Amino acid sequence: MKKNLTIAVILFTTALVSMSSVAAKGDDFGAVVKLIEQFYHVKHQSIPLLARAGMKAATTAARIKGGEYKRLAEAGSARVVFFEDQDFNSHGGIAGFKASLNSAVGDNWSPIIQTLSPKEEDQTYIFVRNAGEKFNVLVVTIERREATVVQVNLKPDTLAMLLRNPDEMGKTITDDATRDDN
């Protein structure tokens, strides 16, 4: 099953690479954050200015270090919002949230991975859209007490590298975008 999923994702990505559509101008990232706040009655936290400066320094260091670190650092821009120490209980409406999320991102984004664990209230959603020479990747992870929304721009070869292990893709992107190397 996992092998079939990986093959399907690679074929899907190949099809996306051949497309020449341009990303929509709407702020889908903001719409997703607002949806989470309204659905779960929570408030997001932005990354403080000093942490954002540290992320830029870590990106520069990763480019110098090279290898896989350089490939992820070349992603370009990253937008990150996190929710900590809050209650993400859907009260049985986890499927409703999924439908609302898919509606919020609309036709601009193609879903790659969507996993739901109703008992644990864990959710992972990964969407992708063509942005010219790069791809926008939107990762939404929700757990019982915390959530993260990350949007990054990736080169096609970096996206293909991450798709080799689709089960870890969202975690890799989120960890890289929120890494604190201090």
Side-chain angles (χ1 to χ4, degrees), residues 1-40 44 68 71-83 88 90 93-118 120-143 146-178:
M1 176 78 177
K2 183 176 175 182
K3 184 177 180 181
N4 291 340
L5 176 63
T6 302
I7 291 169
V9 170
I10 290 170
L11 290 173
F12 177 74
T13 303
T14 304
L16 283 175
V17 171
S18 65
M19 291 172 23
S20 60
S21 65
V22 178
K25 296 183 183 204
D27 183 17
D28 298 323
F29 179 86
V32 168
V33 171
K34 187 174 182 177
L35 172 67
I36 293 170
E37 289 179 333
Q38 291 175 346
F39 188 89
Y40 287 103
H44 77 275
E68 183 175 322
R71 294 180 77 164
L72 292 175
E74 290 174 344
S77 66
R79 297 175 73 184
V80 180
V81 166
F82 60 94
F83 302 81
F88 290 93
S90 68
I94 197 168
F97 176 78
K98 178 184 175 188
S100 297
L101 178 62
N102 285 320
S103 177
V105 298
D107 295 334
N108 300 326
W109 296 86
S110 298
I112 293 181
I113 295 173
Q114 297 189 350
T115 62
L116 306 174
S117 176
E120 291 84 19
E121 293 278 337
D122 290 349
Q123 305 169 64
T124 301
Y125 305 92
I126 302 175
F127 299 92
V128 67
R129 72 176 173 191
N130 191 328
E133 294 180 12
K134 293 185 178 183
F135 287 97
N136 297 133
V137 178
L138 178 66
V139 179
V140 179
T141 58
I142 300 173
E143 298 174 356
E146 62 186 38
T148 306
V149 181
V150 178
Q151 181 179 325
V152 296
N153 300 323
L154 298 175
K155 291 183 177 180
D157 59 333
T158 304
L159 179 60
M161 176 192 72
L162 290 169
L163 285 172
R164 288 185 194 136
N165 189 354
D167 294 333
E168 291 294 318
M169 182 181 177
K171 183 177 181 343
T172 301
I173 290 173
T174 302
D175 289 350
D176 188 60
T178 59

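Note that this is a predicted model, so its numbers are computed, not measured. When reading the values below, keep in mind they use all heavy atoms of this one structure, side chains included, and skip hydrogens, waters and symmetry mates.
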For Thr115, all residues meeting side chain to side chain donor-acceptor pair (under 3.5 Å), sequence neighbours excluded: none

Could you go through residues 121-128 and list every donor-acceptor pair under 3.5 Å that involves a side-chain atom there, pairing it with any protein atom two or more places apart or in another chain?
residue : atom : partner : partner atom : Å
Glu121  : OE1  : Ser90   : N            : 3.1
Glu121  : OE1  : Ser90   : OG           : 3.1
Glu121  : OE2  : Ser90   : OG           : 3.2
Gln123  : OE1  : Tyr125  : OH           : 2.5
Gln123  : NE2  : Tyr40   : OH           : 2.7

Beyond-backbone contact of Arg79 with Val33, side-chain heavy atoms, under 4.5 angstrom: no

Give, for atom CG of Asn130 and atom CG of Asn108, the distance between the pair rounded to the nearest 0.5 Å. 12.0 Å

Please step through side chain to side chain contact (heavy atoms under 4.5 Å, CB included) for the pair Val32 and Leu101, ending with a clear verdict. CA-CA 7 Å; Val32 168; Leu101 178 62; 3.8 Å; yes

Given Thr158 and Phe135, is the side chain to side chain contact (heavy atoms under 4.5 Å, CB included) satisfied, shown in steps? CA-CA 10 Å; Thr158 304; Phe135 287 97; over 6 Å; no

Salt bridge (charged side-chain N to carboxylate O under 4.0 Å, His left out) partners for Glu37, two or more places apart: Lys43

Contacts of type side chain to side chain donor-acceptor pair (under 3.5 Å), residue Glu146, not counting sequence neighbours: none

List the steps and the verdict of side chain to side chain contact (heavy atoms under 4.5 Å, CB included) for Phe29 and Asn136. CA-CA 11 Å; Phe29 179 86; Asn136 297 133; over 6 Å; no

Of all heavy-atom pairs between Val152 and Leu154, which one has the smallest distance, and what is that distance? CG2-CG, 3.8 Å

Applying side chain to side chain contact (heavy atoms under 4.5 Å, CB included) to Asp28 and Arg129, what does each step give before you reach the verdict? CA-CA 11 Å; Asp28 298 323; Arg129 72 176 173 191; 3.1 Å; yes

Heavy-atom side-chain proximity of Ile94 to Lys98 below 4.5 angstrom: no

Ser103 side chain vs Ala99 backbone, donor-acceptor pair below 3.5 Å: no

One should read off an interatomic distance between Ile142 CD1 and Leu116 CG, to the nearest 0.5 angstrom, of 9.5 Å

Looking at every heavy atom in both Gly96 and Phe39, which two are closest together, and how far apart are they? C-CE1, 4.5 Å

With sequence neighbours left out, write down each residue that passes side chain to side chain donor-acceptor pair (under 3.5 Å) with Glu133, or none if nothing qualifies. none

Minimum heavy-atom distance Leu35-Ala104, with the two atoms named: CD2-CB, 4.3 Å

Might you point out which heavy atoms bring Phe88 and Glu143 nearest each other, and give the distance in Å? CB-O, 3.3 Å

